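Working notes, structure below.
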Amino acid sequence: MVDGLLNALVLFASWQVMLGLLAGVLIGYIVGALPGLSASMGMALIVPFTYGMSPVVSIVMLVTLYMASEYSGAIPAILCNTPGEPASAITALDGHPMRERGEAGHALTLSILGSAFGSVISTILLILTAGSIASFALAFGPAEYFALAVLGLSLISCLSGGSVLHGFIGLLFGLLLTTVGIDPVDGVPRYVFASGLLSGVHFLAALIGLFALSEVFEMLETSTDEPVPLKDMPGVSGQLALLLPHKWNLIRSTLIGYAIGVVPGAGATIASIAAYSVQKSLSKSPETFGKGNPEGVVAAETANNACIPGALAPMLALGIPSKASVAILIGALTIHGVQPGPLIFTKHPEIPYSIYIALFIGMPFMVLLGLGGARLWVRLTLVPKSVVAAIVAATCLLGTFAEGNDIFAVWTAVFFGVVGYLLRKVDIRPAPIVLALVLGYMMESNLRRAMLQSGSDLWVFVVNPIAAVCLTLAVAMLALPLLQGSRWMRTPRALDAEGTS
Amino acid sequence: MHPRPTADDAPNDRLDDGRPAAQAERPLLIRLELIEIMVGAALCGVAAWFWFAAAAIDDEGGPGIGPDGFPRGIALLLGVLAFLMTGRALRRLALGETGPVVETGRPWGVLGGICLVVAFPAVMQQLGYYPAMGLFIPALLLAAGYRNVIGIALYAGGFLVFTRLVFGLILKTPLP
């Protein structure tokens, strides 16, 4: 292993590799910060430019682009409540309220430092455990995936803020929306009353509508108010010190992010939700989550970046793409005649070791860009709300259209913007709906496959140890609010009033 | 990218008597129960539609859960919970309990903003992206209460230039 790392390190002495690394970080930073442009889309756009490059330059550029875009999705999430990447929706829950308190600089600093910590430690874990942990992912069948999805959905009690009843209404509404489109098992169309719905409700458009456009409408209510005054931003040493109180949160969220990243299909969003929920349950002030608690920002950002090296483990060890972005990486390597899988460590050792080194070397550049950029980004908070509302709305509409050159996606975003705004009025928040949109397909398809395989025997979820553990945890998560009192039946505003009194 | 707020901004955001312009519009106050009843009824309607429309889904009747089974189950649960929310709000109204009030600031500005966003895709289809966005940003800025004419021109022009550079020239995204 040491020989492999040293040999790959020599490759990084070439200016082409370093240029590829810098370009990847910079492009990823921009792609992630623009709502509507996802990491996978940015990577897909760059792949054609890598044809003429060597495989190492190509993979270094794509991996660093992937890493940087996962981080920078937090920037619009914190500043405008507009997640640049789906996983950043969880960061927005506390990051945006922090920005409204004038603490945008702190939130941005915590997000970049948390991302860096998660990514570096997770890369070390990747180097040490790539082979053994990837085989764990292979143990997942339909029953395990269904149980994992249920466990993810059970975290609703952490995302719904006040009333769990309202959280569940949002969750069920989101689950119902995932049933629109081609059925995942039988392939028959369901609820397709417009051709644009054949492939289901457009996820990115729904995300942008629910989080960003509905936020724009809320901004219009107070758009003539003075901007929130900016609080002092600490120097670089002060910025680093901000992370010290969060050390256990960082370690926990990194481990959660890495472990979830390894599971194909789970992804950064679930990692963020899981880390956020765990941190909330362990926090001394859980009631402040969703209202600007820095612990929430650290947990979400650390986990979603720790997820990246985790997602690379099954790719390197087994040749399995755990998510769309990794599938593009595999495609790019295949173009260069490199087949990821068990033989990559013997046939092309320079590739996996270059990925490890790129993740390490790319991180300091990303931190510099992030810390320096935070000082510039916070100036945006001084722009009048009316201007922010107009620019965010325009960016959302443009980004939604540009993602697939699809006007139907724009209509979808507009629809969800209006619906999301109305639902906010009764305290049904967007997070549970988005959680359901992420997990609904995984839940239904694996439930039905598991039932098919077991001949409709429900015991398949009990006799299977991974599924049984996940489902037990899910039941415990759901039962917790019931044991805490009647949060189910009270309105969030009533709960807020109680908290105030 | 964004011009710094100028000294001209502040006076334009105020009424003639010096009060902030926000005070020009009285906020819309509605009891939470009334909105809960409306939203709850709408969600019951959505659940009912999903339940009944599931009858049109082709189900060949094999083993396991059919393609209509999962949506029907979820629709049933949503219907029950939405009904619960509506019923609870009706009960509070019937008992005359004093509930919280939902406040919507600048209701006409918000309504104008919603209308502009809803109209944008249709206008873009008719006029093309650049003219539609060229109209949309100034109109939304005005609906948001921004009155600095130079600022409006700069923001709209800057955004169109940004679009042209990033999406037109670099990403080569075909915009209508």
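Chain identifiers are assigned alphabetically (A, B, ...) following the order of the sequence lines, protein sequences preceding nucleic acid strands; residue numbering begins at 1 within each chain. Please read all numbers here as calculations on a predicted model, not as lab measurements.
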Below 4.5 Å, heavy atoms only, C-beta onward: do Phe70(B) and Asp183(A) meet side chain to side chain? no

With only heavy atoms counted, which part of Ile407(A) is less than 4.5 Å from chain B, the side chain, the backbone, both or neither? side chain

Determine the minimum heavy-atom distance between Ala394(A) and Met133(B), stating which atoms define it. O-CE, 3.5 Å

Is there a side-chain contact between Leu77(B) and Phe168(A) (heavy atoms, below 4.5 Å)? no

The interface call for Ala389(A) against chain B, heavy-atom contacts under 4.5 Å, is backbone

Could you report the tightest heavy-atom contact between His166(A) and Met85(B), atom names first, then the distance? NE2-SD, 3.8 Å

For each of Pro67(B), Pro71(B), Gly105(B), Pro176(B), tally heavy-atom pairs with chain A at distances under 4.5 Å, and name the one with the top tally. Pro67(B)

Between Tyr421(A) and Val110(B), which heavy-atom pair has the shortest distance, and what is it? OH-CG1, 3.4 Å

Mind listing the closest non-hydrogen atom pair of Asp58(B) and Val188(A) along with its distance? O-CG2, 3.8 Å

Counting only N and O atoms by type, is there a donor-acceptor contact under 3.5 Å from the side chain of Arg190(A) to the main-chain atoms of Ile57(B)? no

Leu141(B) and Ser386(A): which non-hydrogen atoms are nearest, and at how many Å? CD2-O, 3.7 Å

Pick whichever of Ala143(B), Gly112(B), Ala122(B) has the most heavy-atom pairs under 4.5 Å with chain A. Ala122(B)

Any heavy-atom pair between the side chains of Val39(B) and Leu423(A) that's under 4.5 Å? yes

Which residue out of Thr163(B), Leu78(B), Ile30(B) racks up the most heavy-atom pairs below 4.5 Å with chain A? Leu78(B)

Chain A contacts, top residue of Val118(B), Leu142(B), Ile137(B) (heavy-atom pairs, under 4.5 Å): Val118(B)

Evaluate the side-chain proximity of Val180(A) to Phe50(B): yes if any heavy-atom separation is below 4.5 Å, no if none is. yes

Choice from Leu220(A), Asp457(A), Leu422(A), Leu176(A) maximising heavy atom contacts with chain B below 4.5 Å: Leu176(A)

Between Ile114(B) and chain A, which part of the residue has a heavy atom less than 4.5 Å away: side chain, backbone, both or neither? both

How are the rings of Trp49(B) and Phe193(A) set to each other: parallel, tilted or perpendicular (split at 30° and 60°)? perpendicular

Heavy-atom distances under 4.5 Å only: say whether Phe173(A) touches chain B with side chain, backbone, both or neither. both

Ranked by heavy-atom pairs below 4.5 Å to chain A, first place among Val117(B), Ile35(B), Leu175(B) goes to Val117(B)

Any Lys425(A) side-chain heavy atom under 4.5 Å of Thr104(B) side chain: yes

Contact part of Met124(B) toward chain A, heavy-atom cut-off under 4.5 Å: side chain, backbone, both or neither? side chain

How close do Leu140(B) and Ala390(A) get, counting heavy atoms only, and between which atoms? CD2-CA, 3.6 Å

